[in-house]
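For this chain, numbers begin at 1 and follow the sequence in order. We use all heavy atoms of the structure for the numbers below, so side chains are in, but hydrogens, waters and symmetry mates are not.
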Amino acid sequence: MDISVVVPLFNEEESLTELTRWIERVMAANGFSYEIIFVNDGSTDSSQRVVRSLAEGNPNIHSISFARNYGKSPALNEGFRKAQGDVVITMDADLQDSPDEIPELYRMIMAEGYDLVSGWKKKRYDPLSKTIPTKLFNATARKVSGIRNLHDFNCGLKAYRKEVVKHIEVYGDMHRYIPYLAKNAGYKKIGEKVVQHQARKYGHTKFGLDRFVNGYLDLATLWFQSSFGVKPMHLFGLLGSAMFIIGLLAVLVVLVLKIVSMCHDGFAFYVTNSVYFYLSLACMIMGLQFFLTGFIGELITRNSPERNNYLIAEEF
C-alpha cells in the first residue's frame, strides 16, 4: 500500500464527508493505493456515525473510536499503530489542511529520501491569539530540539516513512514534538514543505492558553528525557552532589566558628544559633530529594505500562 492517511478528529461532523471526497479525488488522480484511518477522539456529536456511513461506500476507510476524549497524541499513536502504508500522512479533520499536498509529500519521502516532512503554514488564517503564541513556541522548540530548519512544529499536515511511526511513541501532548521524537529515535533526515493553510470552514478552534503552557512543559520533559532519560544520574547526581558539597562546607564553617569562639571567649556557642547549620541541613535534604524524588519519579513515568492504555469503543 502506498499511503495511509491518519486523521484524528473531535466533533468535526460537518467536514468529514467533504474531506473524505477530497482525499479520494487526490488518490484516484495519482493512482495511489491508500487507506484513510479516522481516529475519533471521543466526539460527542455525530462524527462516528458519519465515519461509519463513509466506510460503507469505501472499503479503504477505517476507524478507531475512543470511548472518551484522550487528546490528539493518543489518537495519532493509535492511528500509527494501525497504519500499513509505505508513507503515513497525518492531517487535521477541519479542512484547514489541504489533501492536494499529499502527492508532493509522498514524493519527498519516496524520491528524496526524507524520513519525515513537516508542513509549514507560512501564511495562516488563524487569529493573533493563536499565531503569536505559535511563533514563540516554534522559536523555543527549534532552539531546544536543534532542528533548525522547521518553522512549524505543530502543523498537523506531516508525512512519515512507515518505519518512523512504528518506532516512536506519541503520548500525553507530545504530538507537537514528533520531529523531535523522530530525531531522538535516530531518524534525522527531516524536511519541511510550505503548505496551503485553509481558513476554518466549520466549527471553532480548539486552541487555548492551557495548550500553549502545556506545550512548554512537555518540551521541558522531552528535553530532559532526550538528554538524561537513559542516564538520569548525570543530572540528579550532579545536582545532589553540589547540594551535599554546599552542606559540607556549611558544616565546616560552623565548626571553625565554634573553635574560634572557644579560643577567644572560652565559651562555645550553640551550633543551632548559626545560620550555617540550617543551610547545611537544607542542602543535605535537597541533595537527597534530587537523588530520590526526581530520579525514581522520572524512571517510573518512563516505564509506566499504562501510559498508552486507551479504552477503544469501536474499531474497524
Non-hydrogen atoms of [X] and [Y] that approach each other most closely:
X	Y	value
Ser4	Gly85	OG-N, 2.7 Å
Val5	Met27	CG2-CE, 3.6 Å
Pro103	Asn30	CG-ND2, 3.4 Å
Val164	Asp115	CG2-O, 3.5 Å
Leu19	Pro99	CD1-CG, 3.9 Å
Arg142	Leu150	CD-O, 2.8 Å

Do [X] side-chain atoms and [Y] backbone N/O form a donor-acceptor pair below 3.5 Å?
X	Y	answer
Thr90	Gly156	yes
Glu192	Ser118	no
Glu12	Ser47	no
Lys122	Val195	no
Asp41	Leu9	no
Arg176	Phe153	no
Lys166	Ala83	yes
Gln48	Asn40	no
Thr140	Leu136	yes
Lys189	Glu112	yes

Indicate yes or no: at least one non-hydrogen side-chain atom of [X] is less than 4.5 angstrom from one of [Y].
X	Y	result
Lys162	Val87	no
Val7	Val39	no
Arg161	Leu116	no
Met91	Ile23	yes
Val6	Phe38	no
Ser280	Leu248	no
Ile3	Ile89	yes
Pro74	Phe66	yes

| said: Please determine whether side chain to side chain contact (heavy atoms under 4.5 Å, CB included) holds for the pair Glu35 and Lys82, giving the CA-CA distance in whole Å, both sets of side-chain angles, and the decisive distance to 0.1 Å. | reply: CA-CA 10 Å; Glu35 64 179 354; Lys82 192 177 181 67; 5.8 Å; no
Distance in Å, [X] [atom1] paired with [Y] [atom2], rounded so as to fall on 0.5 Å steps:
X	Y	atom1	atom2	result
Gln196	Glu101	CD	CD	6.5 Å
Asn11	Asp94	CG	CG	12.5 Å
Leu288	Ile285	CG	CD1	8.5 Å
Asp86	Ile109	CG	CD1	11.0 Å
Trp120	Cys155	CH2	SG	11.5 Å
Ser65	Glu78	OG	CD	12.0 Å

| task | Start with the C-alpha distance between Asn77 and Glu169, add both sets of side-chain angles, then the distance that settles side chain to side chain donor-acceptor pair (under 3.5 Å), and finish with yes or no. | result | CA-CA 7 Å; Asn77 194 73; Glu169 181 186 21; 5.8 Å; no
| request: Walk me through it: do Asn60 and Ile36 pass the test side chain to side chain contact (heavy atoms under 4.5 Å, CB included)? | output: CA-CA 6 Å; Asn60 297 321; Ile36 305 173; 5.7 Å; no
| request: Verify side chain to side chain contact (heavy atoms under 4.5 Å, CB included) between Ile102 and Arg107, making sure each step is shown before the conclusion. | output: CA-CA 9 Å; Ile102 290 176; Arg107 188 196 66 80; over 6 Å; no
| message | Does atom CZ (Arg49) have a neighbourhood of more than 12 heavy atoms from anything else shown, all under 6.0 Å? | response |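 Count not over threshold, so no.
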| message | I'd like to know whether CE of Met286 has more than 12 heavy-atom contacts from other residues, nucleotides or ligands below 6.0 angstrom. | response |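 Incorrect, the count does not exceed 12.
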| field | Residue that, paired with Lys121, satisfies side-chain hydrogen bond (donor to acceptor under 3.5 Å, both in side chains) out of Asn154, Asp152, Asp97 | value |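 In the set Asn154, Asp152, Asp97, the residue that makes a side-chain hydrogen bond (donor to acceptor under 3.5 Å, both in side chains) with Lys121 is Asp97.
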| Cluster link Val194 to Val117, ILVMFWY, side chain under 4.5 Å |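 No, it is not one cluster - the side chains of Val194 and Val117 are not joined through contacts under 4.5 Å.
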| message | Are Tyr278 and Val253 connected into the same hydrophobic cluster when the rule is that any two of I, L, V, M, F, W, Y join if their side-chain heavy atoms are below 4.5 Å apart? | response |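 Result: yes, single cluster for both.
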| task | Applying ring-ring contact (aromatic ring centres under 6.0 Å, His included) between Tyr106 and each of Tyr160, Phe32, Tyr34, report the one that passes. | result |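 Going through Tyr160, Phe32, Tyr34 one by one, the ring-ring contact (aromatic ring centres under 6.0 Å, His included) with Tyr106 is satisfied by Phe32 alone.
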| request: Go through the steps to decide whether Arg21 and Leu54 satisfy the test side chain to side chain contact (heavy atoms under 4.5 Å, CB included), and finish with yes or no. | output: CA-CA 9 Å; Arg21 300 300 177 232; Leu54 292 169; 3.6 Å; yes
